[in-house]
J.: 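Sending over a structure as structure tokens; questions will come in a sec.
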Protein chains: 2
Amino acid sequence: MPAQPQPQPVRPSALQAESLRQTRREHASETAEDYVEAIADLAASLGEARLVDLARRLGVTHVTVNRTLARLQREGFVQVQPYRAIFLTPSGRKLAATCRHRHDVVVAFLRSLGIPGKTAEIDAEGIEHHVSPRTLAAFAKFSAR
Amino acid sequence: MPAQPQPQPVRPSALQAESLRQTRREHASETAEDYVEAIADLAASLGEARLVDLARRLGVTHVTVNRTLARLQREGFVQVQPYRAIFLTPSGRKLAATCRHRHDVVVAFLRSLGIPGKTAEIDAEGIEHHVSPRTLAAFAKFSAR
DNA sequence: CGCACGATGTAGCCTTGGCTACACTTTGCC
DNA sequence: GGCAAAGTGTAGCCAAGGCTACATCGTGCG
Ligand SMILES: [Mn+2]
Ligand SMILES: [Mn+2]
Ligand SMILES: [Mn+2]
Ligand SMILES: [Mn+2]
């Protein structure tokens, strides 16, 4: 008898490799995005962003935050001085605004699908970094319908 | 004059910290999920999963794959022997099936929103790992409407 | 039937991002 | 004004997951 057709269509290796590379790139910028967004939120709600508050909000120790801030300063997103509050650079503020908007769009989209608020928040925190401009536009359009 | 009300509602730190912790947990299982899914795909399409094919499909070098396979063997998802093809354990096969299904649901959902196929594939590769059971159910229901 | 080449293994490097333990600085309060 | 407690800095550990360079294994073909 003839060979059975493969039950599952084969996903081309090249496309999956490209997708996974893109996912890794997104993960590489994820920390910066979550940090600047948290710093902007803290500055807005408390007047300034202090290390301990940032650590609490990010769910890590102050040690992790401190080392990461050094990298973000190298990359030009924040301005830090010993024992001082943390400030965003213009580039950091711009990134924070973009990420904040994207975050809100993703949360609103999930809620408009009927997902409860807390679950929407939790899922959005991960999903937001993997949403292309096209998909973000589709999300916004859908929840505004 | 009285203090201006804060323009943006403040997201509670505790919820954001919990969300970020959950995202980190999801990232910790992401590699295992993508690997077993790729191994199952290769076994289905080529008859067996070889190291080079896996490396090509994952978009990394064979060195990275080899080290990761050692960890996945420790964790009970794969069975590897030097110079041999790579096999999934029962637990690995189960994980692969679950992930394959979830992947397909996410892709179908994005496409049903009007996202072109390639973009849907790329976005799904990252999004899939951050979709809770509730959200997955909502995605499936929506694209089946 | 042997050997060249492709496949696989391994040594060792790097960055990120977790952590604990401990040291030092700031600051609010008596 | 001094001091205790809170905040901040730093040394050093770990695991994951990238990489290059090189060594070894297996096999198909001439
Ligand atoms: Mn996030
Ligand atoms: Mn994936
Ligand atoms: Mn996938
Ligand atoms: Mn992710």
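Chain A is the first sequence line, chain B the second, and so forth, proteins listed ahead of strands; every chain is numbered from 1.
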J.: Charged N to carboxylate O below 4.0 Å: is that the case for B:Arg100 and B:Asp104?
T.: yes
J.: Between B:Glu30 (CD) and C:dG17 (P), how many Å, whole number?
T.: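 After rounding, the gap between these two atoms is 14 Å.
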J.: Answer yes or no: does a side-chain N or O of A:Thr64 lie under 4.0 Å from OP1 or OP2 of C:dC19?
T.: yes
J.: Which residues within residues 47-61 of chain A lie with some heavy atom under 4.0 Å of an atom in DNA chain D?
T.: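 Of all residues in residues 47-61 of chain A, the ones placing a heavy atom under 4.0 Å from DNA chain D are A:Arg50, A:Leu51, A:Val52.
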J.: What verdict does the salt bridge (Lys or Arg N to Asp or Glu O under 4.0 Å) test give for B:Arg50 and B:Asp53, after you've listed the backbone C-alpha separation in whole Å, the side-chain angles of each residue and the deciding distance to 0.1 Å?
T.: CA-CA 5 Å; B:Arg50 300 301 310 209; B:Asp53 304 304; over 6 Å; no
J.: Atom CG of A:Asn66 to atom P of C:dG17: distance rounded to whole Å?
T.: 14 Å
J.: Tell me every residue that passes ring pair (Phe, Tyr, Trp, His ring centres under 6.0 Å) with B:Phe142, counting only those two or more places apart in sequence or in another chain.
T.: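 Ring pair (Phe, Tyr, Trp, His ring centres under 6.0 Å) list for B:Phe142, sorted by chain: A:Phe142, B:Phe109.
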J.: What is the separation between atom CZ on B:Arg67 and atom C1' on C:dG12, rounded to the nearest whole Å?
T.: 11 Å
J.: Would you kindly compare A:Thr68 and B:Val63 by the position of their nearest DNA chain C nucleotide and give the one closer to the 5′ end?
T.: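 Counting from the 5' end, the first nearest nucleotide belongs to B:Val63.
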J.: May I ask you to say whether B:Glu37 pairs ionically with A:Arg11, meaning some side-chain N is under 4.0 Å from a carboxylate O?
T.: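 Result for this pair is yes, salt bridge flagged.
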J.: Between the side chains of A:His103 and B:Gln16, does any donor sit under 3.5 Å from an acceptor?
T.: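 On atom types as modelled, these side chains do not qualify, holding no pair under 3.5 Å.
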J.: Can you pull the contact range of chain B along DNA chain D, 5' to 3', using atoms under 4.0 angstrom from its heavy atoms?
T.: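 Contact boundaries, 5' end first: D:dA16 to D:dC25.
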J.: Verify whether one side chain among A:His129 and B:His130 offers a donor that lies under 3.5 Å from an acceptor in the other.
T.: no
J.: Please enumerate all protein N or O atoms sitting under 3.5 Å from an N or O of nucleotides 22-26 of chain C, with distances to 0.1 Å.
T.:
residue, atom, partner, partner atom, Å
C:dT25, O4', A:Tyr83, OH, 3.0

J.: If a pair satisfies side chain to side chain donor-acceptor pair (under 3.5 Å) and one of its residues is in residues 133-143 of chain A, list it, with sequence neighbours excluded.
T.: A:Ser132-A:Thr135, A:Thr135-B:Asp123
J.: If only atom types and distance count, is the side chain of A:Thr68 paired as donor or acceptor with the main-chain N or O of A:Thr64 below 3.5 Å?
T.: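 Judged by distance alone, yes, a pair lies under 3.5 Å.
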J.: So, A:Gln22 and A:Glu18: side-chain donor and acceptor under 3.5 Å apart, yes or no?
T.: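 Not at all, the side chains of A:Gln22 and A:Glu18 share no donor-acceptor pair under 3.5 Å.
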J.: At under 4.0 Å between heavy atoms, what does A:Arg25 touch on the DNA or RNA strands: base, sugar-phosphate, or nothing?
T.: nothing
J.: If I take atom CZ from residue A:Arg24 and atom OG from residue A:Ser29, how far apart are they, to the nearest 0.5 angstrom?
T.: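 One finds 13.5 Å between CZ of A:Arg24 and OG of A:Ser29.
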J.: Could you state the atom-to-atom distance from CG of A:Asp34 to P of C:dT16 in whole Å?
T.: 16 Å
J.: Report the residues that fulfil ring pair (Phe, Tyr, Trp, His ring centres under 6.0 Å) with A:His101, sequence neighbours left out, ordered by chain and then residue number.
T.: none
